[in-house]
Amino acid sequence: EQLPSSVGVDAARVLYVGHSMGAHGAWVGAVQGSAHALGVAAVAGWTTKEGYGESNFLWRQSSSDVGASHVEPALKGLLEAAIAENDVELHAPNLLGVPHLIRVGSDDTAVHPWWSRRMLRVARGAAAAAAA
């Protein structure tokens, strides 16, 4: 159903909003669809699932994991390339000019504020590099 034009909604623009895993999804959506992004509102988000927690240990092996040294480099490269599209930090330059609202709770024990602050630093770094 179409909204009446008097409402002033631009159906070609998207506001990406999410909390925690949804915040990561909002960032992923925005970097992949930045041409249509109205903005991003990310609450308690993280930038990469492979770096967050220990949920995907295959990608960031610990120094105590002796099996990590046996992963064939070509296979590791192939597997990492398969998930690169979800690496928000890698694609942060796509967010240039897209307004952000980033919120965190300083006492959050599930998603540390470091993740959202890191995304802010990465986005600012991409903006500085583009301006240079």
Are Leu95 and Val31 packed together at the side-chain level, in the sense that at least one heavy-atom pair is separated by less than 4.5 angstrom?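 Yes; the side chains approach each other to less than 4.5 Å.
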
Output the distance between atom [atom1] ([X]) and atom [atom2] ([Y]), rounded to the nearest 0.5 Å.
{"X": "Leu90", "Y": "Thr48", "atom1": "CG", "atom2": "OG1", "answer": "10.0 Å"}
{"X": "Asp108", "Y": "Arg103", "atom1": "CG", "atom2": "CZ", "answer": "13.0 Å"}
{"X": "Asp10", "Y": "Leu15", "atom1": "CG", "atom2": "CG", "answer": "12.5 Å"}

For residues [X] and [Y], report the shortest heavy-atom separation together with the two atoms involved.
{"X": "Ala26", "Y": "Ala41", "answer": "CB-O, 4.4 Å"}
{"X": "Pro113", "Y": "Gly105", "answer": "CG-O, 3.3 Å"}
{"X": "Tyr16", "Y": "Gly33", "answer": "OH-O, 3.6 Å"}
{"X": "His36", "Y": "Ala12", "answer": "ND1-O, 3.2 Å"}

Ignoring hydrogens and angles, tell me if any N or O in the side chain of [X] forms a donor-acceptor pair with the backbone of [Y] under 3.5 Å.
{"X": "His24", "Y": "Val88", "result": "no"}
{"X": "Gln32", "Y": "Glu85", "result": "yes"}
{"X": "Ser34", "Y": "Asn94", "result": "yes"}

Check the hydrophobic clustering (I, L, V, M, F, W, Y; side-chain heavy atoms under 4.5 Å; chains of links allowed) and say if [X] and [Y] are grouped together.
{"X": "Val122", "Y": "Leu96", "answer": "no"}
{"X": "Leu120", "Y": "Val40", "answer": "yes"}
{"X": "Val43", "Y": "Val111", "answer": "no"}
{"X": "Val98", "Y": "Met119", "answer": "yes"}

Using side chain to side chain contact (heavy atoms under 4.5 Å, CB included), reason through Ser116 and Trp46 one step at a time and then give a plain yes or no. CA-CA 6 Å; Ser116 293; Trp46 32 266; over 6 Å; no

Within a radius of less than 6.0 Å around CZ of Arg124, do more than 12 heavy atoms belonging to other residues, nucleotides or ligands occur? no

Just do the side chain to side chain contact (heavy atoms under 4.5 Å, CB included) check on Ile102 and Trp27 with the steps written out, would you? CA-CA 11 Å; Ile102 298 175; Trp27 278 323; 4.0 Å; yes

